[in-house]
Amino acid sequence: MAGEPEPQKSFKLSEFFDVRKIPCARESILYGAAGSLALGLGHFLATSRVKRSCDFGVGGFILTTLGCWFYCRYNNAKLRIQQRTIEEGIKNKFLYESSQFAPERENISNQGSSP
């Protein structure tokens, strides 16, 4: 029908590597392609050697893709750890709120007894 959106087809590099489902894959491949083009073209303009420039382009693709992949995965892992820490802190705040074990309650009682 005209009112229903069409399901988007995902870009697959092979049967098991679906770029839309893997975090950081799309950005890494796009940056790798740009790095490949920049390095290969730059080397060709500097030396005018076609085969060596293609080799540099492939190497640039691999290095740029892997570099972006690991950087993105590291940042995602760091973000997940921060989210988990915040969730535990919120859970503990609700658990200890208005109880005798609340850390704020200890600070208040210690301040009142000090001279």
Side-chain angles (χ1 to χ4, degrees):
M1 292 191 174
E4 296 179 12
E6 295 181 20
Q8 295 179 349
K9 294 182 179 179
S10 62
F11 176 70
K12 293 183 178 182
L13 291 177
S14 64
E15 289 299 318
F16 59 91
F17 189 59
D18 189 4
V19 174
R20 296 185 85 200
K21 293 181 181 176
I22 299 173
C24 304
R26 180 179 177 268
E27 291 84 8
S28 297
I29 291 173
L30 289 175
Y31 282 125
S36 169
L37 181 68
L39 195 60
L41 187 62
H43 189 270
F44 177 74
L45 291 175
T47 62
S48 298
R49 297 174 66 187
V50 176
K51 184 182 181 312
R52 176 74 69 164
S53 298
C54 290
D55 293 341
F56 268 74
V58 170
F61 175 78
I62 293 170
L63 290 176
T64 308
T65 302
L66 289 177
C68 290
W69 172 269
F70 286 121
Y71 178 75
C72 182
R73 297 294 288 190
Y74 173 76
N75 283 337
N76 283 349
K78 191 168 63 170
L79 182 66
R80 266 187 263 122
I81 291 170
Q82 289 173 347
Q83 287 175 340
R84 193 175 312 131
T85 304
I86 291 170
E87 286 174 1
E88 289 175 6
I90 290 172
K91 188 188 318 178
N92 287 339
K93 181 176 177 9
F94 287 133
L95 182 66
Y96 292 129
E97 191 173 36
S98 70
S99 72
Q100 64 182 358
F101 302 112
E104 296 88 17
R105 204 169 190 70
E106 291 175 9
N107 292 337
I108 293 171
S109 64
N110 289 340
Q111 289 175 356
S113 63
S114 64

Item to check | For the student: nearest non-hydrogen atoms of G35 and T64, plus distance | outcome: CA-OG1, 3.9 Å
Checklist entry - Where do L39 and G60 come nearest, in terms of heavy atoms and distance? => result CD2-CA, 3.6 Å
Checklist entry - Looking only at heavy atoms, which two atoms of S28 and C68 are closest? And how far apart? => result OG-C, 3.6 Å
Next on the checklist: Please tell me whether I62 and F70 are part of a single hydrophobic cluster in this structure, the criterion being side-chain heavy atoms less than 4.5 Å apart.
Outcome noted: yes
Checklist entry - Where do T65 and G32 come nearest, in terms of heavy atoms and distance? => result OG1-CA, 3.3 Å
Checklist entry - Passes side chain to side chain contact (heavy atoms under 4.5 Å, CB included), R26 versus L30? Steps please. => result CA-CA 6 Å; R26 180 179 177 268; L30 289 175; 3.9 Å; yes
Checklist outcome for this item: In terms of heavy-atom contacts, H43 and F56 come closest through NE2-CE1, 3.5 Å
Checklist entry - Does any non-hydrogen side-chain atom of S36 lie less than 4.5 Å from one of V58? => result no
Checklist entry - Got a sec: does the CZ of R73 have more than 12 other heavy atoms crowding it under 6.0 Å? => result yes
Checklist entry - CZ/R49 to CG/D55 distance, rounded to the nearest 0.5 angstrom? => result 9.5 Å
Item to check | Single-linkage hydrophobic cluster, 4.5 Å side-chain cutoff, Y71 and I29 together | outcome: no
Next on the checklist: With clusters defined by side-chain heavy atoms of hydrophobic residues (ILVMFWY) lying less than 4.5 Å apart, directly or transitively, does F61 cluster with I22?
Outcome noted: yes
Next on the checklist: Under the criterion side chain to side chain contact (heavy atoms under 4.5 Å, CB included), I'd like the reasoning laid out for C72 against N76: C-alpha separation, chi angles, the key distance, then a yes or no.
Outcome noted: CA-CA 6 Å; C72 182; N76 283 349; 4.0 Å; yes
Item to check | Distance, nearest 0.5 Å, that separates CG of L79 from CZ of R84 | outcome: 11.0 Å
